[in-house]
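Each remark here refers to the structure printed beneath this line.
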Amino acid sequence: MAEGRISDEEIQKVREASDIVALMGERSPMRQRGRDFWCCCPVHNEKTPSCKVDPSTQLWHCFGCGEGGDIFHYLMKVDGMSFPEAVQFLADKAHIVLTHSGKDDGGASNSRKARLKAVCAETADFYHTQLMRVKNKETDAARAYLSGRNLGGAVPKEWTLGFAPGSGALVRHLGSKGFKADEMVEANVALKGDNGRVRDRFYNRIMFPIRDIQGDVIAFGGRIIGSGQPKYLNSQETPLFHKSTVLYGLDKAKATMATTGVAIVVEGYTDVIALHRAGVTNAVATLGTALTKQHIRVLSRHAKNQIVYLFDGDEAGQRAADRALQFIDDSITPEAGRTQIDLCAVTLPDNLDPADFVEQRGAVALQQCIAGAKPLLEYGIERRLAKHDLMTAEGRARAFTDALAVLAPIKGSLLAKDYAVQIAGRTRTREEDALDHLARLKTQKAGEAETMVVKADIAPEPAASGLSQQETSRRKFERQLLMLCAQNPRMGLDHAESLAVTHWHERVHETLAESILDTLAADSNASAGTVITRATECVPVAGSILTGSYRPQEQESVDLARLADYLCEELALGDLDESIDTMKMQMTQAGASAEEKDFIFQTIVALQKDAIARRKAHKPLI
């Protein structure tokens, strides 16, 4: 069970005790320029530092990829932590003991995510009760399946396994507990049909609750009973659940990972449970997706020594093994220093999956396979070479090109050159030819090797090529004002009225303005980090928006008060012009009486006079 919510006072205490420059400097060299520090971005690969770290506000922002935020968001982005995990991690570093306040039961909490967690928790209890207590043909079949897979006895209780009957049973149950239809849909335990009616998402399936690292249920996986497709159905992306960062069983496996320094990654729920039953309690599984770089970041925080990717011996497992080569990058080379990740891989023999293997051959044999895991580079090269006939010249030529391509992401490292020489020996190629070929390999751009699933409740609207120069400037001014008020909360207080009345041209800007106002209304002394953290709870991409530069380079000498006044007036004048245009349209509408048209005309004249006077007084910044 999750602990209570961390109080705002303790979050602020942790923030004040932490040094973002020192923390980020543990992974990337810092260069001071004036009052700020610069480093290579922790999110995307780059050779020239474009990430600014401001020690006064404790914020960071990358001008290359646009990411940014406070010290908590840094850990969330780079290490895949949740917000409570990031706070706890920094509290431990600062030797601060957190005393959680408020019982997080989901029902009394106003937090949207806490409410969704409450839906998931109640759903898991409902499914579990169906499996353990209801007697009918469907539940009997579910129990028989689990028993046949050696998942009976204490397993259903230990892992809170359940059964989804469908037919609206869950929706009715949740409704009786006071949950609303939109909460069920947002938690993805129910779906809304074209007719507007809400129905159960899962039916006639054995249910595997998916938990976050604190042990809270955040999603579900369901295995069909009998025939039907898909065999496994996972929850879709929700505000709680992101497949690219969550690992099944991590809440149970993290302790063993910490003591052994090793993480084992498999591909199925039943595999994880079978391995844990056999005493291999550092196993986790991906959830309907291949292993991602975010997964690796999460695992490397718990398993300091090694991550072993355990592949099934069947065709699907081998396809997954080929996809794993995407994780070959600078992080696996000795040049990475303290951040080096020891990622290894092994394929189980005889087309067995981990559950079948451990059942047939035992945990000792499995541990022997794991001990024989090879570094991912060696594993990938061996797989490429094995595809070709090395007894023929044509086969060796194809094998040479295929295997050498594995080294492209790290072609400049000493490790790549060493492996290139080894490939040359296996394919009877001259070493100098292999090294020359290696140097000419093209590397993929960051992000091409991996499809990232990013879920944001509200994201910035894509830049439209057809925007006028006026509209482009308008949106730029909106963003500058939001950044200014977020990074300098006193400015937000001074210009709260403008934040409240501005007609924002992007929905994400409106949401951010509301968040800033809510935070400052609750605490007029809130720090920039607090403002941005609260905004990130509403808009996951808030950190990248609010930590940018709020004034162009040519305006560096302009004081903040004048800049804030200028931006507010610029937006107000834009809104005034829109009001005038709207009234002009109203005058042309059919049905308006002569008296109404005259009133509208007089109002337009007054507004135009006001606009002219204000523009005369609206002095440019430079």
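All figures in this text were calculated on a predicted structure; none of them were measured in a lab. Nothing fancy with the numbering, it's 1 onward along the sequence. Side-chain atoms are counted along with the backbone in the values below, which use heavy atoms only and exclude waters and symmetry mates.
The pair K304-D342 fails the salt-bridge criterion, with no side-chain N (NZ, NE, NH1 or NH2) lying under 4.0 Å from an Asp/Glu carboxylate O. The residues K113 and D216 are annotated as not salt-bridged, no charged nitrogen and carboxylate oxygen being separated by less than 4.0 angstrom. Between R277 and E359 there is no salt bridge, since no side-chain nitrogen of the basic residue lies less than 4.0 Å from a carboxylate oxygen of the acidic one. Salt-bridge check for K137 with D140: failed, with every basic side-chain N at 4.0 Å or more from each acidic carboxylate O.
With Y269 as the fixed residue, the ring pair (Phe, Tyr, Trp, His ring centres under 6.0 Å) test singles out one of Y248, W159, F220: Y248.
A distance-only check finds no donor-acceptor pair linking the side chain of R384 to the backbone of A399 [under 3.5 Å]. The backbone N or O of F72 lies less than 3.5 Å from a partner atom in the side chain of D70, making a donor-acceptor pair. With hydrogens and angles ignored, the 3.5 Å screen pairs a side-chain donor or acceptor of H276 with a backbone N or O of A283. At least one donor-acceptor pair under 3.5 Å links the side chain of R205 to the backbone N or O of K231. The main-chain N or O of Q214 is never found under 3.5 Å from a side-chain atom of D251 such that the two would form a donor-acceptor pair. A donor-acceptor pair under 3.5 Å is formed between the side chain of N282 and the backbone N or O of V262. H295 places a side-chain N or O within 3.5 Å of a backbone atom of V246 that can act as its donor or acceptor partner. No donor-acceptor pair closer than 3.5 Å links the side chain of Q130 to the backbone N or O of T139. Of the possible polar contacts, one joining the D200 side chain to the L170 backbone as a donor-acceptor pair under 3.5 Å is found.
Atom CG of N188 is separated from atom CD1 of I218 by 12.0 Å, given to the nearest 0.5 angstrom. Remark: L23 CG to I71 CD1 distance equals 5.0 Å, nearest 0.5 Å. Between atom CD1 of residue I20 and atom CG of residue L75 there is a gap of 8.5 Å, rounded to the nearest 0.5 Å. Considering CG of D271 and CG of L310, their distance stands at 8.0 Å, rounded to 0.5 Å. Put simply, CD on Q422 and CD on E382 are 9.0 Å apart, with the number rounded to the nearest 0.5 Å. Note that CD1 of I423 is 4.0 Å distant from CD1 of I381, once rounded to the nearest 0.5 Å.
Between A355 and V358, the shortest heavy-atom contact is O-CG1, 3.3 Å. H61 approaches G66 most closely through the heavy-atom pair CE1-O, 3.5 Å. Scanning both residues, C369 and V346, for their nearest heavy atoms gives O-CG2, 3.6 Å. Shortest non-hydrogen contact noted between L161 and P209 is CA-CD, 4.4 Å. Between C120 and A187, the shortest heavy-atom distance links the atoms SG-CB, 4.2 Å. Pairing each heavy atom of G395 with each of H388, the nearest pair is O-CB, 3.6 Å.
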Working note: N204 + F163, criterion side chain to side chain contact (heavy atoms under 4.5 Å, CB included); need CA distance, chi angles, decisive distance, verdict. CA-CA 7 Å; N204 196 31; F163 176 74; 3.6 Å; yes

Would you please test D436 and R440 for side chain to side chain contact (heavy atoms under 4.5 Å, CB included) and show each step? CA-CA 7 Å; D436 180 63; R440 289 185 285 107; 3.1 Å; yes

With side chain to side chain contact (heavy atoms under 4.5 Å, CB included) as the test, would you mind laying out the steps for Q367 and V280 before giving the verdict? CA-CA 8 Å; Q367 292 287 18; V280 185; 3.8 Å; yes

Output, in order, the C-alpha distance, side-chain angles, deciding distance and verdict of side chain to side chain contact (heavy atoms under 4.5 Å, CB included) for L233 and I224. CA-CA 8 Å; L233 180 66; I224 194 74; over 6 Å; no

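Side-chain contact between E378 and V406 is absent, with no heavy-atom pair separated by less than 4.5 Å. Counting heavy atoms from C-beta outward, T270 and D353 have side chains that stay 4.5 Å or more apart. Side-chain contact check for K387 versus R398: every heavy-atom pair is 4.5 Å or farther apart. In this structure, N305 and T260 have side chains that are not in contact, with every pair of non-hydrogen atoms separated by 4.5 Å or more. Within the 4.5 Å cutoff, no side-chain heavy atoms of T547 are placed close to those of W60. Considering only heavy atoms from C-beta on, S235 stays 4.5 Å or farther from I210 through its side chain. Under the 4.5 Å side-chain criterion, counting only non-hydrogen atoms from C-beta, K93 is not in contact with S18. Counting only heavy atoms from C-beta outward, the side chains of P156 and M132 approach each other to under 4.5 Å.
R223 and Y145 share a side-chain donor-acceptor pair at under 3.5 Å. Looking at R383 and T347, their side chains never bring a donor and an acceptor atom within 3.5 Å of each other.
Between F311 and Y379, the two ring planes are parallel [angle under 30°; tilted spans 30° to 60°].
Counting heavy atoms of neighbouring residues, nucleotides and ligands inside a 6.0 Å radius, atom CZ of R426 does not exceed 12 of them. Summarising the local packing, CZ of F37 is surrounded by more than 12 heavy atoms from other residues, nucleotides or ligands at distances under 6.0 Å.
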